[in-house]
Amino acid sequence: MPTFAKICGLSTPETVSAATRGGASHVGFVFFPKSPRDIVPEQAGELVTPEAVGRIGVFVDPDDALLLHAVRGARLTGVQLHGDESPERVAAVKARLGIEVWKAVPVRTRADLDAAKLYRGAADRILYDAKTPKGTLPGGMGLRFDWKLLEGFGHPLPWALSGGLDVANIAEAVRITGTRLVDVSSGVERAPGVKDVDKIAAFLQATAQS
Ligand SMILES: O=C(O)c1ccccc1NCC(=O)[C@H](O)[C@H](O)COP(=O)(O)O
């Protein structure tokens, strides 16, 4: 079974092209002003991707106006909710937008995984990401959690793994967790918010071989 990859936090034609040429199944655009990867929906809309590649917008506790604007402007096929959105809010977003909804679940301990169960029937996919320190960004920090926590966990929904992945650790991450979809941001950057086409290519190649 192949392992698919989402390259997150893209903002230029060159890096989007590196992701799609390298076989990424999804690209991610961040709509969060505090992030160094923040992009306006119209700019994301100009970034061309093949039909088969999912276009996922990343949001932190967005209101409906932002969601609707971004879905249209950036031609999103899905949204990733990376804040404190409740299961009810996630279900309402899904009903309103009618596209795929991913819910990020921050993980540091095994007990954190239980939050994923609350989103059964609300989200389409859980994205397990590393819990970040208070006062910092909720994602895109290059932090990883103990992947062994996922061993034996009964996943309530389709899922993806993220947090601190890079070319050097992707094979181990896939081996330990058995994940079929990974998500990366900092691990394919040369500085926060600055993606590197060679790192994107190397990560996707290593993922395909995992
Ligand atoms: O990437 C950001 O700047 C960001 C900001 C606010 C919320 C979420 C964000 N990113 C979400 C992602 O999907 C990242 O790819 C994920 O957190 C993994 O990031 P990294 O550990 O840097 O690979």
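Counting convention: from 1, in listed order, for ligands and their atoms alike.
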Would you say Pro36 and Val30 make side-chain contact, with heavy atoms under 4.5 Å?
no
Are there any protein N or O atoms under 3.5 Å from the N or O atoms of ligand 1? List them with distances, or say none.
residue	atom	partner	partner atom	Å
ligand 1	1 (O)	Arg37	NH1	3.1
ligand 1	3 (O)	Ser35	OG	2.6
ligand 1	3 (O)	Arg37	NH1	2.7
ligand 1	13 (O)	Lys6	NZ	3.2
ligand 1	13 (O)	Gln80	NE2	2.9
ligand 1	13 (O)	Asp183	OD2	2.9
ligand 1	15 (O)	Asp183	OD2	2.8
ligand 1	17 (O)	Asp129	OD2	2.5
ligand 1	17 (O)	Gly140	N	2.9
ligand 1	19 (O)	Gly140	N	3.3
ligand 1	21 (O)	Gly142	N	3.1
ligand 1	21 (O)	Gly164	N	2.8
ligand 1	22 (O)	Gly142	N	3.1
ligand 1	22 (O)	Ser186	N	2.9
ligand 1	22 (O)	Ser186	OG	2.3
ligand 1	23 (O)	Ser185	N	2.9

Indicate the atoms forming the closest heavy-atom contact of Leu137 with Thr132, along with that distance.
O-OG1, 2.7 Å
Contacts under 3.5 angstrom, residues 153-166 side chains, donor-acceptor by atom type, not counting sequence neighbours:
residue	atom	partner	partner atom	Å
His155	ND1	Tyr128	OH	2.9
Ser162	OG	Tyr128	O	3.2
Ser162	OG	Asp129	OD1	3.3
Asp166	OD1	Ala168	N	2.9
Asp166	OD1	Asn169	N	3.0
Asp166	OD1	Asn169	ND2	3.4

Using a strict threshold of under 4.0 Å (side-chain N to carboxylate O), is an ion pair present between Asp63 and Arg89?
no
Of Arg125, Lys6, Lys103, which meets side-chain hydrogen bond (donor to acceptor under 3.5 Å, both in side chains) against Gln80?
Lys6
So do the side chains of Leu113 and Val107 get within less than 4.5 Å of each other, counting heavy atoms only?
yes
